[in-house]
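Have a look at the structure below before the remarks.
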Amino acid sequence: DGGITQSPKYLFRKEGQNVTLSCEQNLNHDAMYWYRQDPGQGLRLIYYSQIVNDFQKGDIAEGYSVSREKKESFPLTVTSAQKNPTAFYLCASSPGTSETEAFFGQGTRLTVV
Amino acid sequence: AQSVSQHNHHVILSEAASLELGCNYSYGGTVNLFWYVQYPGQHLQLLLKYFSGDPLVKGIKGFEAEFIKSKFSFNLRKPSVQWSDTAEYFCAVAPNRKLIWGLGTSLAVNP
């Protein structure tokens, strides 16, 4: 089945540790996105990539980093510099450069203790 | 600044009740409009969208939305909700090709 796979579904980390969230898609989409979802705050764009080896900051990129070495993969690293990392993280992809056609993964819930 | 406002943060209904979720946006130009739904434990998925044409848009699972340009609104409606409609609903607006999201409305339908 084609789709977007995020792993793991739940992730726990100690404060001060970097952690990498996985996002893989087999839809042959060019663009990929990372969002953060907090209760009562909707979705906020962290980073996006419209093509391999290129990515752009979204609205809340501070404390996060990404890479796009392969078309299928867009991992997100939550660094120790992120002040409030506990959240639900959503990955999405779209066939073109328009975010409006995005398909979403099931998300990773990160808890930092 | 461009923004999307969803009027109700939490809605509780009984089965068979009618639903209307409000969505207003602040942008004067041409926009594309969306409603997304996130069922418990599932991924966010597109419910319906409006790009142009008939301002009354029909989506999946009996949902519809009406674009009223003069009111900058794109309200979501369903005549008779079911327990399975319990979910979080997000309105989003794209004045260009970038999405601006509302904060979401949590709908709980009691059987």
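Hydrogens, waters and symmetry mates are skipped; everything else that's a heavy atom, side chains included, is used. Note that this is a predicted model, so its numbers are computed, not measured.
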Same cluster or not: [X] versus [Y], using hydrophobic residues (I, L, V, M, F, W, Y) connected whenever any side-chain heavy atoms lie under 4.5 Å apart?
{"X": "Ile60(A)", "Y": "Trp34(A)", "result": "yes"}
{"X": "Tyr35(A)", "Y": "Leu11(A)", "result": "no"}
{"X": "Leu46(B)", "Y": "Met32(A)", "result": "no"}
{"X": "Phe88(A)", "Y": "Val66(A)", "result": "no"}
{"X": "Phe67(B)", "Y": "Leu19(B)", "result": "yes"}

Looking at [X], I'd like to know if its [atom1] atom is crowded, meaning that more than 12 non-hydrogen atoms belonging to other residues, nucleotides or ligands lie closer than 6.0 Å.
{"X": "Ile12(B)", "atom1": "CD1", "value": "no"}
{"X": "Lys49(B)", "atom1": "NZ", "value": "no"}
{"X": "Ile68(B)", "atom1": "CD1", "value": "yes"}

Spacing of [atom1] belonging to [X] relative to [atom2] belonging to [Y], to within rounding of 0.5 Å:
{"X": "Trp101(B)", "Y": "Gln41(A)", "atom1": "CH2", "atom2": "CD", "answer": "15.0 Å"}
{"X": "Ile100(B)", "Y": "Leu45(A)", "atom1": "CD1", "atom2": "CG", "answer": "11.5 Å"}
{"X": "Phe103(A)", "Y": "Leu44(B)", "atom1": "CZ", "atom2": "CG", "answer": "12.0 Å"}

Gln37(A), part contacting chain B, at a heavy-atom distance under 4.5 Å: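 For Gln37(A), side-chain heavy atoms alone lie under 4.5 Å from chain B.
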Examine whether an atom of Asp59(A) lies under 4.5 Å from a heavy atom of chain B, and if so say whether it belongs to the side chain, the backbone or both; otherwise answer neither.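 Just its side chain gets close to chain B.
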Name, in order of residue number, those residues of residues 102-111 of chain B that have a heavy atom at a distance of less than 4.5 Å from a heavy atom in chain A; otherwise write 'none'.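 At a heavy-atom separation under 4.5 Å, chain A is reached by Gly102(B), Leu103(B).
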Where do Phe104(A) and Gln42(B) land on the side chain to side chain contact (heavy atoms under 4.5 Å, CB included) test, with the steps shown first? CA-CA 10 Å; Phe104(A) 288 83; Gln42(B) 295 190 28; over 6 Å; no
Contacting region of Gln38(B) [heavy-atom separation from chain A under 4.5 Å]: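 Contact with chain A involves the side chain of Gln38(B) alone.
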